[in-house]
Structure formats: structure tokens, C-alpha cells
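Here is the structure we will look at.
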There are 2 protein chains.
Amino acid sequence: MHKLADSTDAADMMDKPKKKRAAAQLKDEITAYKRRRILEEASHFFFANGYEATTLDSVAEQLNVTKPFIYSYYKNKGELLYEICQTGIQLSLTALEEALSVEGTASEQLKIVVERVARIIIENQRYVTVYLREEKCLLPEDARRIRELRHTFDTKLAALLERGKRSGEFDVQHPSRTAIWVSGLLSWIALWYHEGGRWSATEVVMDAITMVQKMVQPAGGARA
Amino acid sequence: MHKLADSTDAADMMDKPKKKRAAAQLKDEITAYKRRRILEEASHFFFANGYEATTLDSVAEQLNVTKPFIYSYYKNKGELLYEICQTGIQLSLTALEEALSVEGTASEQLKIVVERVARIIIENQRYVTVYLREEKCLLPEDARRIRELRHTFDTKLAALLERGKRSGEFDVQHPSRTAIWVSGLLSWIALWYHEGGRWSATEVVMDAITMVQKMVQPAGGARA
DNA sequence: CATAATTGCTACCAAGCAGTATAAACAAAG
DNA sequence: CTTTGTTTATACTGCTTGGTAGCAATTATG
């Protein structure tokens, strides 16, 4: 990402003819595409075999390229892991933020949040699972950044619970602690769901909604 | 464990004087102790750095012994991992079974189950976390045995939920699926709890009880 | 067609580590 | 004090793998 930004730098572009600019842009798109493909295959291997047990040679083979090819798009193995973990948590966070931008009562918003985040987690299971499992393999600085994203997620979720508590919709005695249980329940989906297994993605998402609603539901029971 | 049983074999013992028998028994206890110590230190490293990233040399160093020492008590690194994973799930299963042996209504039993299992998971976090994280590193045969224990756990939990459903204490539309959410919530503790962190073990256990109760609670609300 | 630049590959290295062959140290028994 | 068996360490091997130096092939440019 940084490299990419550098080479499409404004200073470079301004004094070059249109043609060169267009060519440079296309090249950057191709570079971005190659990076995405490498990341995608790497995530398959990290998910199936774990980070340490995965060799970059095997990733390269799967892409029909060689190891130095990968090294010309990523600085090292750790950068691959970081981008995968980052993707895992960032996708969830974005889904949360988009859901929160939909107007509605706290209960309505919570339902949308759980539905969308659960779907995103299932669709991007590889990234989320690697993030949950391999955090310990990240460099301290990278791990800090990831934890920060996670913290933002939990904080925004806690704010929603707090809102529902104030409005009387939810019965939670400690919103920020409850938020952790809810986000744990969502994370658990990535570790447990198996495509083509006993239960469909839709069933799992609906179950998750039900479970979370019950977790925050006041003693009187839920309303329609 | 197997080796140990072999060397205290009845055939060996019967035709030997009392003294030798006693000496052999003591020796076996010492062997068992050494195995436990190795496992304990290994679990620390596997928990902190992951299975693949842990070297047996570092485990040996921590114990002030050498690598061949470990190899004279365990056949290879994989056997260590298997015993750690096995401990992680077996402890939880035993806690569940003991809790289920306490007489009471389904609600009462469920509360005891969650309390005891949550405590066991916190106390043995290293073993449980390694089991959840490193299952993919196990040999297929070992992985199968572990999954069987997990399945027994989920099945027994589902049976309890089924009982509560029949008696009208619980509102669960699909006991075996709900059991997975409950056992996921419990597993999540191992991945998330941090000793000396923001919340005490007791708070976490009490929270877990509350969350599970709400998850199965009928719409009318909970009774005392 | 020649020249320059970019892109990917071949071939390699250094390090780390699981696992072992063998010897030393120690203990038990006579 | 020797003999015999057991326990642990020294010292090594063979292999894997992250990472790189330098070359070949391809493409763009004049």
C-alpha cells in the first residue's frame, strides 16, 4: 500500500504527459492485483496449515510463480501475515460502522450489526481465523495496531449497548464487558463454522442474532 | 501414560520381592512427575509462542536439562502437543461430567456446569488455548481423538439443554446448536481472559453464568 | 534495430531445528 | 571394588526454509 502510494505520487505525475500517466495508473492497478492474489493464496495456506508451517515456496507454487516474485511485492513473510490479520479485523470493523450508520432504535441497529458482521466473518473466514489464531506471530508494533482496531470495534459495540441500556431496550449491567462477550460470540463463528457442514451460513447468522438478542434482552422478554 | 502402565505390569511384579516392587513403583512415580513437568513447561512455550515456533531446546533449557532428556520421556514433539490438547479438552469434559452428577433441576445444573467449566478453563488456560489454536498441527489420528472428546462435551451439554427444554425451564429451539454456542462462549474465555487484566476470574465466571442463563432463558424472564 | 528499464527466475546461502548415535556419569548389586 | 544397568549429556546430522545476489527474458523507447 505505501509503495503503491509512493509511485503514483503527485510530484511524479504533474510534469508527465497524459499517456505516461495512464500507463502508470494501469501498472499500479496490476501491481495491486498481484498483491491481492498473493495475499489470497497465502491466507488459504495460513488458514489450513498455520503461519509458521506455511512455506512461501508452496504459496509461490500455487500461484505458478517463484519465491522471489513474492518478495518483490512483499518485504517479508511477516508483512503478509500483518496484511491478512489487518484485513480480518478491518472488514469486521467496517461492517460494524456501516451497520451503525443505518438509522434505527438500539435493538434494530444491534440486529443489523450482528447480521452484517456475522456475514462478513463467514465470507472472510480465512482472514478472520488467521487474525484470531496467529496474533502472537506478529511483530510487537504490528500486533499493537491490530489490537487497536479490535479495541475500536469493542468500544463502538459497547456504545451501542450503552445506548440501548439508557433507552431501556437492553438489560446489560456492564456494557463494555457485555460487548466483549458479543464480539467473542461473533469471533467464535470464524473458528467453528465449516462451509458445507451441518448448518448453513444463513442458519448460523440467524442463530447469532437470536443469541445476541437474548443476551441483552430485559427480563420481561423481547418485543416484536 | 501407556509406557508407565507397561512397566508396572502385573506379570513383572508377581514373582518379585516386596522391596523391588516398592522401588519400581517409586521409580514410576518419578517418571510420571518428570513427564508432567516437561508437559507443563512445554505448554507455557506453546501458549506464548505457538507450537511450530517453539523449540524443544528452549523447553529443555527452561527445565535445566537437554533435548535428549525430553526425547527419553516423549517420543517426539507431536506427542507433547497431543497430550497438551488432550489435557485441555479432557479437563473441561471431566468438569462437565462432575457438574452433571450433582442432582438438581436443569437450570441449577446448567449454572453449576458453566461455573465449574469456566473455572477449569481459566485455571488451565494454557492447555485449553493450545488445544483451540493448534489442532491443525496434530496428526490426523490424534486430531480425530480430540474431536471425539469435543463432540462428547457438546453432546452432553445438548442433552442438558434438551432436558431443560422438555421441563419448560429453557427456551431453546435447537438444543444441539445452542450447545455449540454455549461451549463457544466458554472456549472464548480461554482466548480472551488475561490474568491480572481488567477483570478478575470471578467476574468472568459470573458473567459467563449470566450470559448463558440469558441465552436459554424463556421469554417470560428468569426466576429466582 | 538498438538501448534502457522493468520484471521474473535460477541458484544459492546461512541459520535453525527435529531427531539420534554414542559416551559419560551415576547408582545398584554382589 | 567390580560389574551391570540406568539416566543424562555431548556432539552431531540431515533437512528445511527465509531470504538474496545476480542473471535472463521481456517490454518499452528512440
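Any value given below was found using the heavy atoms of this structure, including those in side chains, with hydrogens, waters and symmetry copies removed. Naming convention: chains lettered A, B, ... in sequence-line order (proteins, then strands); numbering from 1 in each chain. Note that the structure is predicted; figures quoted are calculated from it, not measured.
Residue B:Lys67 places no side-chain atom within donor-acceptor reach of the base of D:dA9, judged by atom type and a 3.5 Å distance cut-off alone. Between the side chain of A:Lys77 and the base of D:dG19 there is no donor-acceptor pair of N/O atoms closer than 3.5 Å.
Side chain of A:Asn76 to main chain of A:Glu79: a donor-acceptor pair is present (N/O by atom type, distance under 3.5 Å, no hydrogens or angles). Although no hydrogens or angles enter the test, the distance criterion places a donor-acceptor pair under 3.5 Å between the side chain of B:Ser92 and the main chain of B:Gly88.
Nearest to the side chain of A:Lys34, among C:dG8, D:dT17, D:dT7, sits C:dG8. Of the candidates D:dT8, C:dA18, D:dA9, the closest approach to any side-chain atom of B:Thr66 belongs to D:dA9. In the set C:dT20, C:dT7, D:dG19, the nucleotide with an atom closest to the side chain of A:Tyr71 is D:dG19.
A side-chain donor-acceptor contact under 3.5 Å links A:Gln90 and A:Thr94. No side-chain donor from either of B:Thr155 and B:Thr152 sits under 3.5 Å from a side-chain acceptor of the other.
Heavy atoms of A:Thr54 sit under 4.0 angstrom from primed sugar atoms or phosphate atoms, though from no base atom.
We find that CG of B:Leu81 is positioned 17 Å from C1' of C:dG19, with the value rounded to whole Å. A straight line from CG of A:Asp57 to P of C:dC12 spans 15 Å, rounded to a whole angstrom. Distance CD (A:Glu61) to P (D:dT17): 12 Å, rounded to an integer number of Å. Between the P atom of D:dA9 and the CG atom of B:Leu63 lies a distance of 10 Å, rounded to the nearest Å. Taking atom CD1 of residue A:Ile30 and atom P of nucleotide C:dG8, one finds them 10 Å apart after rounding to whole Å. Look at CG on A:Leu80: it is 15 Å from C1' on D:dT17, rounded to the nearest Å. As a whole-Å value, the separation of B:Phe69 CZ from C:dA18 P is 17 Å. Going from atom NZ of A:Lys75 over to atom P of D:dT20 covers 11 Å, rounded to whole Å.
Each of A:Ala53 and A:Pro68 was matched to the nucleotide of DNA chain D holding its nearest heavy atom; the match closer to the 5' end belongs to A:Ala53.
To the nearest 0.5 Å, the span separating OG1 on B:Thr178 from CD on B:Glu162 amounts to 10.5 Å.
Phosphate proximity of D:dT8 to B:Tyr73: present, with a side-chain N or O under 4.0 Å from OP1 or OP2.
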